[in-house]
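Residues: numbered from 1 along the sequence shown.
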Amino acid sequence: MASDRFHCPNSSSSSFILVGVPGLEAFHTWLGILFCSWYIVTLVGNGVVLLAIGLDNSLRSPMHCFLGMLAVIDLVMVTSTVPKMLSIFWLNSTETGYVACFVQMFLVHSTTAEESGVLLAMAFDRYVAICHPLKYETVLNRQTMVQIGLAILGRALLFMAPLTWMVTHLSYCRSCVVPHSYCEHVAVAKLACGDHRPSSLYSMAGSSLVVGMDMAFIAVSYGMIIKAAVEKKSCRKAFSTCGCHIYVMLLYYIPGMVSIYIQAFDSSVAAWAQVLLADLYLTLPTMLNPIIYSMRTKQIRQAVLKVVFSRKVHA
C-alpha cells in the first residue's frame, strides 16, 4: 500500500503527503520528464497565443477573446498542479500544507468548470457567426463579452464555494497520505474521519450538471450550425472554422468524463491508472489547445509566426 511507504507523525499533522502516482514510483523520474516537457510546451504555446492576440490588432473578435480566456485558464490550471508534481517526482517533496492543498483543489476544480464555460461560449460564438452573421457584432458586443466572462467566473465560484467549505470543514484524523499527485478532492475527502459522502455526492452532481448542461447547449448549437450548413451553401465554408473547436471539445470532455466517473464508480481500475488519467486530463489538453488553434486557424497561425519571427529579427 502507498500509505505504508510514508510516515505521518500523528493524526493532528497540519499537512498532507502526496504519493505521486501510486504503484509507479519506479517511473517517477521518467514521468517527471514527460510532464515537464508538456509543461514547457504549454507555457510557451499559450504564452505565444496570448502575446499574438495582445499585439495583433486584427485579433480582436469575440472568438479570439474566448481563445485568450482559454489560454489563461489553461495556464492557471497547469501551473497549479505540475510544479508540485515535478517536486514529488524528482525531489521526493511529498508534503503539502493544508492551506496549500485546499487552494490547489480550488484552483484545479474551478478552472475545469471555467474551461467548460469557455467552450460553451465558443460554441455560441460559432452559432451566431454562422447562423446570424449580420447580427454577430450586435449580439457579441463588448458589454456582452464582459457579461459572459463574469458569468463563466461566477458559475465556477458558485460551484466551488460549497465544495471547498464542505471539504475544509471535515475532520482529518486518519492517515494524511493522499494517494494522488495533486489534491484531488475525492482522494482528500476520503481521509476524513467523518462522513465524506455529502461532499463527494455534491461534487459528482455539480460536475455532471455543469458539464451536462454545457454539452447539451453545445450540441444544440452545433445541431443548428449543421442544419444551416446543409441548407445554405454560404454557411458551409464558415462551418470549416468549427473544426478546431470540435477537436478541443473532444479532447477536454471525453477524458474528463471518463476520469470523473471511473474515480466515482469503478473501483476495479488500478489506482495508478486513475491517477495517471487525472494527470493527463489536466495537462494534455492544456498543451494541445494552442497547437490545435495555431495549426487550424489561419489568423492565429499567421499572428503566432509574426510574433516568433519578429522576436528573432529584433534579437
Among Leu18, Asp279, Leu31, which residue meets the side-chain contact (heavy atoms from CB on, under 4.5 Å) test with Met85? Asp279
Could you tell me how the ring of Phe159 sits relative to the ring of Tyr202: parallel (under 30°), tilted (30 to 60°) or perpendicular (over 60°)? parallel
With under 30° as parallel and over 60° as perpendicular, where do the rings of Phe16 and Phe102 fit, or are they tilted in between? perpendicular
Hey, is CH2 on Trp30 packed in by over 12 heavy atoms from elsewhere, all under 6.0 Å? no
Shortest non-hydrogen contact from [X] to [Y]?
{"X": "Leu250", "Y": "Pro255", "answer": "O-CD, 3.6 Å"}
{"X": "Val118", "Y": "Met69", "answer": "CG2-CB, 4.2 Å"}
{"X": "Lys84", "Y": "Glu95", "answer": "NZ-O, 2.8 Å"}
{"X": "Val76", "Y": "Thr111", "answer": "CG1-CG2, 3.8 Å"}

With a 4.5 Å cut-off on side-chain heavy atoms, are [Y] and [X] touching?
{"X": "Val21", "Y": "Phe89", "value": "yes"}
{"X": "Ile17", "Y": "Val178", "value": "no"}
{"X": "Pro22", "Y": "Val19", "value": "yes"}
{"X": "Asn289", "Y": "Glu115", "value": "yes"}
{"X": "Val188", "Y": "His180", "value": "no"}
{"X": "Met257", "Y": "Val211", "value": "yes"}
{"X": "Arg126", "Y": "Met63", "value": "yes"}
{"X": "Val108", "Y": "Leu282", "value": "yes"}

Within the distance-only criterion (no hydrogens, no angle test), does the side chain of Gln147 pair as donor or acceptor with the backbone N or O of Met145 below 3.5 angstrom? no
Would you please indicate if the ring centroids of Tyr281 and Tyr252 are separated by under 6.0 Å? yes
Can we call the ring centroids of Phe35 and Trp38 under 6.0 Å apart? yes
What's the spacing between [X] [atom1] and [Y] [atom2] if we round to 0.5 Å?
{"X": "Leu153", "Y": "Ile148", "atom1": "CG", "atom2": "CD1", "result": "14.0 Å"}
{"X": "Met160", "Y": "Met105", "atom1": "CE", "atom2": "CE", "result": "7.0 Å"}
{"X": "Met166", "Y": "Arg197", "atom1": "CE", "atom2": "CZ", "result": "14.0 Å"}
{"X": "Thr286", "Y": "Leu75", "atom1": "OG1", "atom2": "CG", "result": "8.5 Å"}

Residue pair [X] / [Y], side-chain donor-acceptor N/O under 3.5 Å:
{"X": "Ser116", "Y": "Tyr253", "answer": "yes"}
{"X": "Gln104", "Y": "Ser80", "answer": "no"}
{"X": "Tyr39", "Y": "Thr79", "answer": "yes"}
{"X": "Ser61", "Y": "His64", "answer": "yes"}
{"X": "Asp125", "Y": "Tyr136", "answer": "yes"}

Could I get the full list of ring-ring contact (aromatic ring centres under 6.0 Å, His included) partners for Trp272, not counting sequence neighbours? none
Trace of the side chain to side chain donor-acceptor pair (under 3.5 Å) decision for Tyr98 with Thr168: CA-CA 9 Å; Tyr98 272 14; Thr168 55; over 6 Å; no
